[in-house]
K.L.:
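Can you read through this structure? Questions will come right after.
A, B, ... follow the sequence lines: proteins, then strands. Residue 1 opens every chain. Just so you know, these numbers use all the heavy atoms, side chains as well, and skip hydrogens, waters and symmetry mates. Bear in mind that the values here come from a model prediction, so they are computed numbers and not experimental data.
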Amino acid sequence: MNIQTELKQRFAKALHGLTDDVPNAVEMIRPSQEPKFGDYQANMAMSLGKQRGKPPRDVAAEIVGRLDVSDICETPEIAGPGFINLRLKTDWLAGQLMVAKNDERLGVGLAARAKTYVIDYSSPNVAKPMHVGHIRSTMIGNALARLLRFCGHNVITDNHIGDWGTQFGMIIFGYKHFLDREAYAADPVGELARLYRFVRMLVDYHRDLAEMPKYEQRAVELREKLDALNASLQNETDAAAQKKLRKEESRLNAQVLELLDTIKAVAEKIRAVHDDPATLALAKANPDIGRAVLEETSKLHHGDRENLALWNEFVPVCMEDIERIYRRLNVTFDYTLGESYYNDRLPGLVERLLKQGIARETDGAVGVFLPGQDIPMLIRKQDGAFLYATTDLATIEYRVETFRPDAILYLTDFRQGLHFEQFFATARLMGYTDLELTHVKFGTVLGEDGKPFKTRSGDTVGLESLLDEAERRAYEVVKINDRSSVECGVWSVELDGDNENKSQIPNPKSQPPTPNSKLRETAKRIGIGALVYADLSQNRESDYVFSYDKMLAMNGNTATYLQYAYARVQSIFARGEVDLDALRKSEVPPRLEQPIERTLALDLLKFEEAIELSLRDYRPNVVTSYLFELANRYASFFEQCPVLRAEDATIRDSRLLLCDLVARTMQRGLELLGIETVERM
RNA sequence: GCGCUCGUAGCUCAAUCGGAUAGAGCAACGGAUUUCUAAUCCGUAGGUUACAGGUUCAAGUCCUGUCGGGCGUACCA
């Protein structure tokens, strides 16, 4: 049930003839922020009054007079300048709960028109270890895919992995020159990652050495500019001019500081090489490594047999590594078509765009010049190689041919905004005008120091170790809580089920988790859930600061809180030995007598609204907020309203019904976000 | 330089395309457990929504300017 939609339809009838733009007016119906203003409010009377030169309250009265909502609402009230406040009838709410109860989908309707969505997310680079940043694209994309599917849309998920880039030149070069065969046999991915980092370091070293004099030169220039500025500042008497000069001075100073930071960082990287004689020797032995790496890449792209064979050897191994993380995160893809998949299409695409006049040559390269853009989007380099944009255009062609989508969503870092703007504009020039192309962007993950994680520096928080840590922390809490629950008599047996060792009073830390034990599974769901929720609940386009404690928190607005609400319901059912089948078959509507019961009922019925609102701007955090509020409401209800000990059987059943609906909504909602529930915690 | 973007409580973030008294969580302080899981609940405190103008019945939200942060700016992805 979407109450908002229902009210909109009722208002649309009443507004017919009162305005030219009924759909717009009807958009001004929304949930009230304050209970005293009712459950929903309609705000169109003010603007309509203005349009028609009538007092808004009179317009509101006119609308109310034509409005037929008597079956679902109490008599609407007009308040303030012309707000129409609506309070839903409690009996009607109870009736709607019965509808939801009898529906597998909890009364959530399907989209009016099922559309086909291609969602392009996660997209890690093969052979580069995944880091914290990848969780954003992966989990937001996963949640959107699940939400859209739930609404009845046809969703195709495609992991557009980076499997054709220059990192393979590095790995191939590393493999040919620095391979540790034993390490490769034992842990191929680890060894490839090491080779990548090592070659990268050597390439950077030579580049940095070459760049260093330029930095120094720049520092000298800045110094000279500052001196000149100071001189003119002393001669300047006009206050306004002085202010301007001081501003310029602080700007220059900032540049100096930034430059010093850069120099310091570069110097440290150089020193790291110098400090290790073996590395230094290899660095000196390979002065042209930058060019050599590019050559390896180029050979691969031109079908060199040896390099292609190596590529074919590396990719599956690396993919297995990535898949392991997806399994832990409960993420799957319909397709994994990487950049390499489109390789054959690129030359023809560029030729075609040239012929159509969409692209033209510039400075030996080929680019698309777009109105309002001072720089072109390059699709072929001077050396004939293709770029990111070329692959993206080829991919869109393939997807349209193959899937006939209504929309394609790209989940990437917001820093790629300009690229997508240009890429989408080019796609429109190519004739894809009816296709929704959306860059679902998100902010950068920053380190605790407020600076962005840099993949090149190498020392980012690896995703895998983060998952491990999440599970470990959750395990500590779960273990302690489980034991104390048994001691307090909440449960008769431990989740661990490891009863033989029970006599020796165990120290949670000294006992490693039994593999496959229930406790371990619970810890996994709670730990990973916390991690995923931390990301989804903060889906803003701005950056966010990565913090272990924040990401792995299990108090407050966290997945744990929602899972806890769910587990508490299950606990009631277990304690009361509740016959769920009978409860769900009963056709006796709930009695919503306490204010908290009524509020809880209303919250339950807003599930569809939350999903719809979430998808309007592709923001899973709307769903997390909704679920948090529902869990919060349930916690209050739990405190205020005894269920098993209710005063009589009808109230008991009524409350059990509310509990069941909360649990089902919680489970479904979390599932749509890619988070699992636990029966007991 | 140009372009995009952000600035909300000590911290991390909300605020449903302009709606009524700007809300949560964390941290702080004070309470609640013989009663269905205290991973909880209830309460207190914390704000001139960076600043200055403007638009109107109504501005955190829209416009202009200022200050401050982030990002991007043709052969990376």
K.L.:
Just the rounded figure in Å: distance from C1' of A77(B) to CZ of F386(A).
P.N.:
17 Å
K.L.:
Send over the distance from L378(A) CG to A74(B) C1', rounded to a whole Å.
P.N.:
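After rounding, the gap between these two atoms is 4 Å.
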K.L.:
In whole Å, measure the gap between the C1' atoms of A28(B) and U64(B) for me.
P.N.:
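Rounded to whole Å, the distance is 41 Å.
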K.L.:
Between T412(A) and H439(A), is a side-chain hydrogen bond (donor to acceptor under 3.5 Å, both in side chains) present by the stated rule, with each step listed?
P.N.:
CA-CA 7 Å; T412(A) 80; H439(A) 180 202; 2.7 Å; yes
K.L.:
Tell me if the CZ atom of R52(A) is crowded by more than 12 foreign heavy atoms within 6.0 Å.
P.N.:
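Enclosed.
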K.L.:
NA contact type, E339(A), heavy-atom cut-off 4.0 Å: base, sugar-phosphate, or nothing?
P.N.:
sugar-phosphate
K.L.:
Which whole-number value in Å describes the distance from Q422(A) CD to A74(B) C1'?
P.N.:
9 Å
K.L.:
Within this structure, what is the CG-to-C1' distance between D549(A) and G25(B), rounded to whole angstrom?
P.N.:
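My rounded result for the distance is 15 Å.
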K.L.:
Take atom CD of E34(A) and atom P of G19(B), then tell me their distance rounded to the nearest Å.
P.N.:
15 Å
K.L.:
Hey, are N557(A) and Y533(A) close enough side-chain-wise for a donor-acceptor pair under 3.5 Å?
P.N.:
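The answer is yes; a qualifying pair exists.
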K.L.:
F423(A) CZ to A77(B) P: how many Å, rounded?
P.N.:
14 Å
K.L.:
Once the angle between the rings of F628(A) and Y561(A) is folded into 0 to 90°, is it parallel (under 30°), tilted (30 to 60°) or perpendicular (over 60°)?
P.N.:
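Aromatic pair F628(A)/Y561(A) classed tilted.
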K.L.:
Sequence neighbours left out, what passes salt bridge (Lys or Arg N to Asp or Glu O under 4.0 Å) with E6(A)? Give chain and number order.
P.N.:
R10(A)
K.L.:
On the ring face of F638(A), is R568(A) found with NZ or CZ under 6.0 Å from the centre and within 45° of the axis?
P.N.:
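Yes, a cation-pi geometry holds between R568(A) and F638(A).
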K.L.:
Produce a footprint string for nucleotides 29-41 of chain B: one letter per nucleotide, 5' end first; B if the base is under 4.0 Å from any protein heavy atom, S if only the sugar-phosphate is, - if neither.
P.N.:
------SBBSBBS
K.L.:
If the C1' atom of G53(B) is compared with that of U73(B), how far apart are they to the nearest Å?
P.N.:
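So the two C1' atoms sit 32 Å from each other.
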K.L.:
What is the distance from CD1 of I379(A) to C1' of A77(B), rounded to the nearest Å?
P.N.:
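The answer, rounded to whole Å, is 17 Å.
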K.L.:
Could you walk me through whether D120(A) and S123(A) pass the side-chain hydrogen bond (donor to acceptor under 3.5 Å, both in side chains) test, one step at a time?
P.N.:
CA-CA 7 Å; D120(A) 181 328; S123(A) 315; 3.2 Å; yes
K.L.:
Flag this pair as yes if the NZ/CZ of R30(A) is under 6.0 angstrom from the six-membered ring centre of Y40(A) and inside a 45 degree cone about the axis; otherwise no.
P.N.:
no
K.L.:
Can a side-chain donor-acceptor contact be found between E612(A) and N2(A) if the only test is distance below 3.5 angstrom?
P.N.:
yes
K.L.:
Measure up the F423(A) and Y410(A) rings against each other and bin them: parallel (under 30°), tilted (30 to 60°), perpendicular (over 60°).
P.N.:
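F423(A) and Y410(A): perpendicular rings.
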K.L.:
Applying side-chain hydrogen bond (donor to acceptor under 3.5 Å, both in side chains), run through T138(A) and S122(A) and close with a yes or a no.
P.N.:
CA-CA 4 Å; T138(A) 307; S122(A) 194; 2.9 Å; yes
K.L.:
Considering only atom P, compute the distance from C76(B) to G19(B) and round it to an integer number of Å.
P.N.:
46 Å
K.L.:
Where does RNA chain B form stems of at least three consecutive Watson-Crick or G-U wobble pairs, each pair having both distances below 3.5 Å?
P.N.:
B:1-7 with B:67-73, B:10-13 with B:23-26, B:28-32 with B:40-44, B:50-54 with B:62-66
K.L.:
Provide the distance between the two C1' atoms, one in A52(B) and one in G46(B), to the nearest whole Å.
P.N.:
27 Å
K.L.:
Taking only N/O atoms, report every protein-nucleotides 9-13 of chain B pair under 3.5 Å with atom names and distance.
P.N.:
residue : atom : partner : partner atom : Å
U12(B)  : O2'  : K550(A) : NZ           : 3.4
C13(B)  : OP1  : Q538(A) : NE2          : 2.4

K.L.:
Using atom CE of M377(A) as one end and atom P of U73(B) as the other, report the distance to the nearest whole Å.
P.N.:
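After rounding, the reported distance stands at 14 Å.
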K.L.:
What nucleotide, of G72(B), G19(B), C17(B), holds the atom closest to the side chain of F83(A)?
P.N.:
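Nearest listed nucleotide: G19(B).
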K.L.:
As a test of reading the structure: which of A24(B), U73(B), G19(B) is closest to the side chain of F628(A), going by heavy atoms?
P.N.:
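Closest nucleotide among those given: A24(B).
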K.L.:
Counting any heavy atom closer than 4.0 Å, what does P56(A) reach on the DNA or RNA strands: base, sugar-phosphate only, or nothing?
P.N.:
nothing
K.L.:
Can you name the residues that form a side-chain hydrogen bond (donor to acceptor under 3.5 Å, both in side chains) with K54(A), not counting sequence neighbours?
P.N.:
none
K.L.:
Can you tell me how the ring of H160(A) sits relative to the ring of Y342(A), calling it parallel under 30°, perpendicular over 60° and tilted otherwise?
P.N.:
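Tilted, since the angle between the ring planes falls between 30° and 60°.
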K.L.:
Considering only nitrogen or oxygen atoms on both sides, find all protein atoms under 3.5 Å from nucleotides 58-63 of chain B and state each distance.
P.N.:
none

K.L.:
Determine the Euclidean distance between corresponding C1' atoms of U33(B) and U40(B); express it in Å to zero decimal places.
P.N.:
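The same atom, C1', in both gives a distance of 10 Å.
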K.L.:
Flag yes if more than 12 heavy atoms outside Q416(A) fall under 6.0 Å of its CD atom; otherwise flag no.
P.N.:
yes
K.L.:
Examine the base of A20(B) for any acceptor or donor lying under 3.5 Å from a partner atom in the side chain of Q41(A), and report the outcome as yes or no.
P.N.:
yes
K.L.:
Tell whether T362(A) reaches the base of A74(B) with its side chain through a donor-acceptor pair below 3.5 angstrom.
P.N.:
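Between A74(B) and T362(A), which were checked side chain against base, a qualifying N/O pair under 3.5 Å is present.
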K.L.:
With distance as the sole criterion, is a donor-acceptor pair present between the side chains of S340(A) and D163(A) under 3.5 Å?
P.N.:
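Result is yes, a qualifying pair exists.
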K.L.:
For U12(B) versus A50(B), give the span between their P atoms, rounded off to a whole number of Å.
P.N.:
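Nearest-Å result for U12(B) against A50(B) at atom P: 15 Å.
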K.L.:
If you compare every side-chain N and O of R415(A) against the phosphate oxygens of U73(B) (OP1, OP2), does one of them come in below 4.0 Å?
P.N.:
no
K.L.:
With a non-hydrogen cut-off below 4.0 angstrom, is A79(A) in contact with a base, only sugar-phosphate, or nothing?
P.N.:
base
K.L.:
When rounded to the nearest Å, what value does the distance between P atoms of U55(B) and C63(B) take?
P.N.:
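Straight-line distance between the two P atoms is 15 Å.
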K.L.:
Using a heavy-atom cut-off of under 4.0 Å over every strand shown, decide if R655(A) touches base, sugar-phosphate, or nothing.
P.N.:
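No contact.
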K.L.:
Specify the residue among M44(A) and N621(A) whose closest nucleotide of RNA chain B lies further upstream toward the 5′ end.
P.N.:
N621(A)
K.L.:
Of F414(A) and I84(A), whose closest RNA chain B nucleotide lies nearer the 5' terminus?
P.N.:
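The residue mapped nearer the 5' terminus is I84(A).
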K.L.:
Base, sugar-phosphate, or nothing for N85(A), non-hydrogen atoms under 4.0 angstrom?
P.N.:
base
K.L.:
What integer number of Å spans the P atoms of C51(B) and G7(B)?
P.N.:
13 Å
K.L.:
Report yes or no: do Q373(A) and E421(A) form a side-chain donor-acceptor pair below 3.5 Å?
P.N.:
yes
